[in-house]
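One structure below.
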Amino acid sequence: MKRSISFFIISVLCVSGLCQGALAEELLIPVGEIIGLELSNDTVTVAAFDDAAGSTARDAGLQIGDEILSVAGRRVSCAQDVRESLSGCAGAIPVVIRRDGKQRELTVLPDTSGDTPRLGVYLRQGITGIGTVTYYDPESGEFGTLGHGVNDPEGSLLRMRWGNAYAAQVQSVKKGKAGKPGQLKGSAEAMQTVGSLLRNTPQGVFGKSRQGWLGEPVPVADYEDVRTGSAVIRSTVVGSDPQEYSVEIIKIYPENRTDNRNFLLKVTDPELLAATGGIVQGMGVSYNRDNQVNP
């Protein structure tokens with residue numbers, strides 16, 4: 001059964017020759033394709049309600065985005081823990097959640113219409129979203145994406161235990177305006193795994209892929225060799241095929257800048273401006289998953 005859930009991750013660009021976080025590599029492929037990202041940690045979050053079995057959980061006050069901390073007095077760190085905690089339960093049970101940084105306890109009556117008790121919700125472990133593949137190393141199979149780290153709901157860098165990358169495509173674009181960043185809407189199928197995620201860092205998310213991405217490897221510039229002026233970015237704003245667009249590097253920030261911003265870009269490509277209004281900064285995304293868990 002496919003379920004669609006909403007999530008976000010910000011990243012749309014790959015700048016040729018400027019693959020931050022990969023400067024130790026001599027030749028890398030600038031990619032620019034989008035992929036679905038699944039970063040799992042020890043958190044279990046409500047992603048959606050089951051149409052038939054989720055009414056009691058919703059009536060009890062459970063909301064999408066709630067992090068489930070314990071079920072029937074048992075601490076949970078994965079969907080399987082939730083399922084096991086419900087086994088053998090009869091009647092209403094306590095469910096401790098975290099919402100907006102505060103813990104609260106709800107009393108939920110599990111659905112018993114099936115073989116085992118269920119909360120009637122679909123759960124997400126960690127954070128899912130889409131991002132642009134910045135580079136791929138054809139020799140080692142390593143790749144980088146996003147260009148920034150993924151944070152948890154508390155605003156801290158997510159401590160990822162494991163992660164997967166999936167094939168994805170852009171479905172639509174909402175143009176950006178002055179003061180209002182545009183949005184990409186896309187989808188990814190969890191059955192089409194293209195790689196494993198290994199590290200979530202302030203500079204981006206990094207992983208390995210056996211199948212990789214095609215393209216001509218180019219030399220990676222040292223930071224001191226980067227200059228202002230005309231440049232090319234690779235980005236996917238339609239479907240799943242990246243295109244090259246012209247931009248101008250307006251300003252280069254110091255390498256030791258703490259917010260991890262490297263340079264300021266101005267979009268000059270008429271086609272990209274017509275499609276997005278500029279550099280799309282945010283993504284509102286639907287993610288279709290065949291293996292979504294429903295305890």
Side-chain angles (χ1 to χ4, degrees), residues 1-9 36-130 150 152-153 158 161-164 166-169 171-172 185-193 283-295:
M1 179 180 180
K2 292 184 178 180
R3 299 295 300 183
S4 178
I5 60 178
S6 297
F7 55 89
F8 64 92
I9 287 180
L37 302 172
E38 180 182 30
L39 289 77
S40 181
N41 58 359
D42 289 326
T43 63
V44 181
T45 306
V46 177
F49 289 94
D50 185 87
D51 293 336
S55 59
T56 56
R58 186 184 288 108
D59 293 343
L62 205 61
Q63 297 181 11
I64 293 175
D66 286 347
E67 179 186 343
I68 298 180
L69 303 179
S70 69
V71 175
R74 175 177 172 175
R75 187 81 178 179
V76 299
S77 60
C78 64
Q80 181 62 28
D81 289 344
V82 176
R83 184 181 296 109
E84 292 175 357
S85 299
L86 291 168
S87 179
C89 289
I93 59 172
V95 177
V96 179
I97 64 167
R98 180 184 288 119
R99 182 188 302 162
D100 298 328
K102 298 181 180 179
Q103 291 189 25
R104 62 184 69 187
E105 182 176 306
L106 306 176
T107 301
V108 181
L109 182 65
D111 176 77
T112 56
S113 60
D115 296 334
T116 58
R118 298 186 300 164
L119 287 182
V121 298
Y122 291 87
L123 301 177
R124 181 178 70 236
Q125 293 180 221
I127 292 177
T128 55
I130 65 172
V150 177
D152 60 25
L158 182 76
R161 294 183 60 188
W162 57 267
N164 288 317
Y166 305 98
Q169 63 179 358
Q171 295 178 323
S172 62
K185 183 177 182 181
S187 65
E189 291 294 336
M191 297 299 292
Q192 301 179 40
T193 305
M283 296 183 179
V285 185
S286 295
Y287 190 51
N288 299 317
R289 301 186 60 193
D290 291 329
N291 59 348
Q292 187 69 51
V293 180
N294 180 5

Distance from [X] atom [atom1] to [Y] atom [atom2], nearest 0.5 Å?
X: E38; Y: S40; atom1: CD; atom2: OG; value: 6.5 Å
X: R118; Y: C89; atom1: CZ; atom2: SG; value: 14.5 Å
X: T45; Y: R98; atom1: OG1; atom2: CZ; value: 10.0 Å
X: S70; Y: D81; atom1: OG; atom2: CG; value: 11.0 Å
X: L123; Y: I68; atom1: CG; atom2: CD1; value: 5.0 Å
X: L119; Y: R83; atom1: CG; atom2: CZ; value: 11.0 Å

Side-chain touch T116/L86, heavy atoms, less than 4.5 angstrom |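 They are not in side-chain contact.
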
Locate the shortest heavy-atom distance separating [X] from [Y]; write the atom from each residue and the value.
X: V76; Y: S85; answer: CG1-OG, 3.8 Å
X: V46; Y: Q63; answer: CB-O, 3.5 Å
X: A79; Y: Q125; answer: N-OE1, 3.3 Å
X: I130; Y: A168; answer: CG2-CB, 4.4 Å
X: G61; Y: D66; answer: O-OD2, 4.2 Å
X: F49; Y: L62; answer: CZ-O, 3.1 Å

State which residues pass side chain to side chain donor-acceptor pair (under 3.5 Å) with E84; sequence neighbours excluded, sorted by chain then number.
-> R74, Q80

Go through the structure and list residues passing side chain to side chain donor-acceptor pair (under 3.5 Å) with R161, not counting sequence neighbours.
->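 Partners of R161 by the side chain to side chain donor-acceptor pair (under 3.5 Å) criterion, ordered by chain and then number, come out as D42.
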
Is a donor on one side and an acceptor on the other found under 3.5 Å between the side chain of D100 and the backbone of K102?
-> no

Start with the C-alpha distance between V96 and R104, add both sets of side-chain angles, then the distance that settles side-chain contact (heavy atoms from CB on, under 4.5 Å), and finish with yes or no.
-> CA-CA 6 Å; V96 179; R104 62 184 69 187; over 6 Å; no

Solution key, residues 105-113 side-chain donor-acceptor pairs under 3.5 Å, sequence neighbours excluded:
from	atom 1	to	atom 2	distance (Å)
D111	OD1	S113	OG	3.4
D111	OD2	S113	N	3.3
D111	OD2	S113	OG	2.6

Would one find more than 12 heavy atoms of other residues, nucleotides or ligands at under 6.0 Å from atom CG of D59?
->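 Counting neighbours around CG of D59, more than 12 heavy atoms of other residues, nucleotides or ligands fall under 6.0 Å, so yes.
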
